[in-house]
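Order of the sequence lines fixes the chain letters, A, B, ..., with proteins taken first and strands second; residue numbering starts at 1 for each chain. Any value given below was found using the heavy atoms of this structure, including those in side chains, with hydrogens, waters and symmetry copies removed.
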Protein chains: 4
Amino acid sequence: MAGTINKVILIGNLGDEVKIHYFDGGDSIGRFPLATSETYVSKQTGEKITNTDWHNVVVKNKLAEICEKYLVKGDKVYVEGKLKNRQWEQDGIKRYATEIHATELTMLSNKKSAENNPNVSKNSQPTSVISVSHTDENDDLPF
Amino acid sequence: MAGTINKVILIGNLGDEVKIHYFDGGDSIGRFPLATSETYVSKQTGEKITNTDWHNVVVKNKLAEICEKYLVKGDKVYVEGKLKNRQWEQDGIKRYATEIHATELTMLSNKKSAENNPNVSKNSQPTSVISVSHTDENDDLPF
Amino acid sequence: MAGTINKVILIGNLGDEVKIHYFDGGDSIGRFPLATSETYVSKQTGEKITNTDWHNVVVKNKLAEICEKYLVKGDKVYVEGKLKNRQWEQDGIKRYATEIHATELTMLSNKKSAENNPNVSKNSQPTSVISVSHTDENDDLPF
Amino acid sequence: MAGTINKVILIGNLGDEVKIHYFDGGDSIGRFPLATSETYVSKQTGEKITNTDWHNVVVKNKLAEICEKYLVKGDKVYVEGKLKNRQWEQDGIKRYATEIHATELTMLSNKKSAENNPNVSKNSQPTSVISVSHTDENDDLPF
DNA sequence: TTTT
DNA sequence: TTTT
């Protein structure tokens, strides 16, 4: 095909730590859930409704290692990437999942450095400790 | 939460017709599969590999009706929307699917008008017959 | 033409306060400069170079009023909008400027509420006090 | 700063040919104007108004050469890039211009190959002959 | 003019 | 499971 575009832009909060898996040969893959949410007032009941969507973010190699090092549960990040469908079989049943394979990631808050450095002045400004791009040195891997 | 962003931008081709469902009261929902693909050369085998991802696009109300009217299988469209997770139970098994709820859609080709209007001059330029936005008149519905 | 897309996505810091102008009839327009920057290491000299770009953000009506109320110099915001070219004559010379007409704006930090509410607990997490969209109630105006 | 994002996404038509300039050492820079437009009905006069914006797209090195080779006036392209401000002096007057420095470009029509290959079957589907990314091999140049 |  |  070509002439196609597949782009996702998310700003959300990590629902859990980054789980990283190392392959033989040095490649690695990391995963974390990211929450985005919308709040609106129901036209039927008048009550305020918050709707949260969870996104499976996948990071690879250097980007995975940086994420594991600097991101913690609750952090707010900007993620840019591609939608990828993964399918596998579990107990004879076909399972499908949609993942966001990140190509760019920028921190918009940094709990971890604040936690680890109690003397660092804390203010309400977000601090970006990482802002990295994924380059496809080796994307010809079985994941 | 707020302070979050959930945005998807796709340019791809329809893998099938738009399937529309009308609700009592006039609301409607339409769905179609959209393909994006990447072609790259494997570093291991040297062969050209095409990787296709399929996206479940969801359109509502006026946007759904326009899509059903003007889009056909094979058409190329620009879609902007949000990632939404849907879950349901089938045979006692929890199923999950990720959908792209379109908020904007622009045609980049128009097979249908060309087919139906054989006298229309055909050229290699894409013609946009629709370019519409979804406004949330009534998004407080059970879909 | 149609079949065209004009979209800008920025995350940056306000270089100055929001300047708002009210028209007879209640319409309003606000403007503020937004900075984005890149840091890289020069391949020639080895020194670290920071490159800042300044963007003229334009907001209208309700969005303008919210921005004036909640945003202050230094705040970090997410802005989505369109590129618009403006031209005018000054001393007989044609001048051109490019503006970003915002359609969506989300705060990623909130200095103002923190300043004004000294008792509010301050932490390193960005807080979003506004997240608004511009709807074109009346875009047929001379600005 | 860091923690900032500067992203532009355009789909539009070339208003002129790609003008390329080669530097000593093999680097090159190309430029072309890209038009996007909006059509709306005036609430005051009821007439249909088309509003066109022109964008100065800048491409470098390999991407510049591919654009010069394959793009012609009128072609429709998807461009992703960054907003950059350029300033220079002309007749003692400071001039400013905003450019879109492209990082990704995908063709959505191909007049040139159609022109040059009269036997090629012409249909209303856009064909993508190029889809390329800019990688910053050498961005430490005086342009 | 911002920010780290 | 996040966040406000």
Using whole Å, report how far CG of C/L14 lies from P of E/dT1.
16 Å

Please report, rounded to the nearest Å, how far the P atom of F/dT2 is from the CD1 atom of B/I5.
21 Å

Going by atom types alone, do C/E47 and C/T45 pair a side-chain donor with an acceptor below 3.5 Å?
yes

Is the backbone of D/G12 close enough, under 3.5 Å, to the side chain of D/T36 for a donor and an acceptor to pair up by distance?
no

What is the distance, rounded to the nearest whole Å, between atom CD of C/E38 and atom P of E/dT2?
19 Å

Rounded to the Å, how far apart are A/N13 CG and F/dT3 C1'?
4 Å

Rounded distance (Å) that lies between atom C1' of E/dT1 and atom CG of C/N56
12 Å

So if I take every side-chain heavy atom of C/T52 and compare against F/dT3, E/dT1, E/dT2, which nucleotide ends up nearest?
E/dT2

Passes side chain to side chain contact (heavy atoms under 4.5 Å, CB included), A/L83 versus B/D53? Steps please.
CA-CA 8 Å; A/L83 283 174; B/D53 288 286; 5.9 Å; no

Side chains of A/Y40 and A/E38: any donor to acceptor distance under 3.5 Å?
no

Just how far, in rounded Å, is P of E/dT2 from NZ of C/K73?
5 Å

Between C/W54 and E/dT1, do the rings stack, that is, sit under 5.5 Å apart with planes less than 30° off each other?
yes

Atom NZ of C/K76 to atom C1' of E/dT2: distance rounded to whole Å?
10 Å

Specify the separation, in whole Å, of atom CG of C/D75 and atom P of E/dT4.
11 Å

